[in-house]
Amino acid sequence: MVFARHISPEDLAVRMGGTPGAAVELTGPDVTHLLHRSETSDNDVARVGACGAWSYAVLHLADPGRDDLAVRASRGGVVVVQYVAMTDHPPAQFNYLRDGRTVCGFGIGEEAHRWGQNPDHLLPALVAGGVLTPDGTSHQAAPADSALNGNHLTLAVLEHHFGLCLPKNSAMRAPLPAYTVRGTLSLGPDPDVDIIRAWAAEHGYSLNWGHSGHVPTSIREAYARATGSR
């Protein structure tokens, strides 16, 4: 996830490499399907939206380790917050960027180990929120009656400090404007979608294909076997 303050969702996408006016409304599963079907591994897609003073981008990256998109978005004085889930290699990573540089960052749950131009920039907020001790070298003991602890506490502190909000249902499931921000992946509908849809209906296949206008791989393969096409 990348959040950028006081710019539009399209501006955020364009800063990361998208083409102005090229948005296609897609869900997360739509994008995953297109990336899996792509013949190359060099395509990255951003689905964008807005909440409060922030625009956000849900990133679908071919190579999460090559993510320089937040740096691009922050150039020219834009305030950017980046959250990287790091599912395969925890912990999740947080970075606060401005002018193309990381002001400060840390792993969620490893806040005592910070980096960036000013590693202690968020230390007052982390101390006041009950995450770190005043010297920033260790974690505070969570109160017994606290509803939040550990990683959830850090995320709540960051959300409050920056005024972040995220409509989770829209971000994860609903169609959002999507842009190819790296590579040449076409997000538009397949030119033969109507022909194959008619064939699929005639032969009893499900027509619940989502919003993308792209033929699911299994349907396309069945169509190719039946008609001798590719």
Side-chain angles (χ1 to χ4, degrees), residues 1-7 9 12 16 27-29 31-32 44-61 63-65 67-71 73-74 78-98 101-176:
M1 297 287 304
V2 170
F3 298 84
R5 190 161 60 194
H6 299 318
I7 63 173
L12 175 56
M16 292 190 293
T27 66
V31 174
T32 299
D44 295 334
V45 175
R47 295 167 54 246
V48 296
C51 188
W54 296 83
S55 291
Y56 62 84
V58 183
L59 302 181
H60 304 261
L61 305 177
D63 180 5
D67 180 15
D68 60 344
L69 301 179
V71 173
S74 71
V78 174
V79 172
V80 165
V81 168
Q82 178 191 41
Y83 175 81
V84 185
M86 300 295 291
T87 306
D88 295 329
H89 300 284
Q93 304 283 312
F94 166 86
N95 288 291
Y96 165 51
L97 304 95
R98 190 165 190 165
R101 295 180 175 88
T102 299
V103 177
C104 66
F106 45 81
I108 304 297
E110 298 183 355
E111 296 82 6
H113 305 285
R114 301 176 297 281
W115 57 79
Q117 287 187 314
N118 183 2
D120 289 343
H121 179 79
L122 290 173
L123 180 57
L126 293 170
V127 172
V131 177
L132 292 178
T133 56
D135 62 3
T137 62
S138 59
H139 287 84
Q140 294 187 35
D145 58 349
S146 175
L148 295 172
N149 54 56
N151 296 355
H152 295 290
L153 177 59
T154 298
L155 294 174
V157 168
L158 295 172
E159 180 180 351
H160 175 74
H161 178 80
F162 287 102
L164 297 172
C165 63
L166 179 66
K168 291 184 179 179
N169 185 61
S170 296
M172 304 306 170
R173 299 179 181 86
L176 289 173

*Kindly determine whether M1 and V58 satisfy side chain to side chain contact (heavy atoms under 4.5 Å, CB included), including the steps that lead there.*
CA-CA 5 Å; M1 297 287 304; V58 183; 3.7 Å; yes
Donor-acceptor pairs under 3.5 angstrom involving side-chain atoms of residues 122-129: please list them, not counting sequence neighbours.
none

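- Taking CG of L97 as the reference point, atom CD of Q117 lies at 9.5 Å (rounded to 0.5 Å).
- For H139, the side-chain hydrogen bond (donor to acceptor under 3.5 Å, both in side chains) partners two or more places apart in sequence, or in a different chain, are E111.
- Nearest heavy-atom pair, A112 versus L132, reported as atom, atom and distance to 0.1 Å: N-CD2, 4.0 Å.
- Between L12 and A4 the shortest heavy-atom distance is CD1-CB, 3.9 Å.
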*Take V81 and Y56 through the test side chain to side chain contact (heavy atoms under 4.5 Å, CB included) and record every step on the way to the result.*
CA-CA 9 Å; V81 168; Y56 62 84; over 6 Å; no
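- With sequence neighbours left out, Y83 forms a ring pair (Phe, Tyr, Trp, His ring centres under 6.0 Å) with no residue at all.
- The two residues G109 and N151 make their nearest non-hydrogen contact at CA-OD1, 3.5 Å.
- Two residues are said to be in side-chain contact when any heavy atoms from C-beta on lie closer than 4.5 Å; D44 and M16 fail this criterion.
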*side chain to side chain contact (heavy atoms under 4.5 Å, CB included) between L155 and F94, intermediate numbers included*: CA-CA 9 Å; L155 294 174; F94 166 86; over 6 Å; no
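- Under a 3.5 Å cut-off, the side chain of T154 and the backbone N or O of I108 do not form any donor-acceptor pair.
- Sequence neighbours left out, not one pair with a member in residues 154-166 passes salt bridge (Lys or Arg N to Asp or Glu O under 4.0 Å).
- Heavy-atom minimum distance, A46 versus L59: CB-CD2, 3.7 Å.
- Smallest separation of non-hydrogen atoms from N95 and G105: OD1-CA, 3.7 Å.
- Considering only residues two or more places apart in sequence or on other chains, Y96 meets the ring pair (Phe, Tyr, Trp, His ring centres under 6.0 Å) condition with H121, F162.
- Partners of P91 by side chain to side chain contact (heavy atoms under 4.5 Å, CB included), not counting sequence neighbours, listed by chain and number: Q93, E110.
- Residue pairs satisfying the salt bridge (Lys or Arg N to Asp or Glu O under 4.0 Å) criterion with at least one member in residues 118-135, sequence neighbours excluded, are listed as follows: R114-D120.
- Closest of all the heavy-atom pairs between A57 and V48 is CB-CG1, 3.9 Å.
- L69 CG to S74 OG: the interatomic distance, rounded to the nearest 0.5 Å, is 11.0 Å.
- Here the straight-line distance linking atom OG of S55 with atom CZ of R5 works out to 12.0 Å at 0.5 Å rounding.
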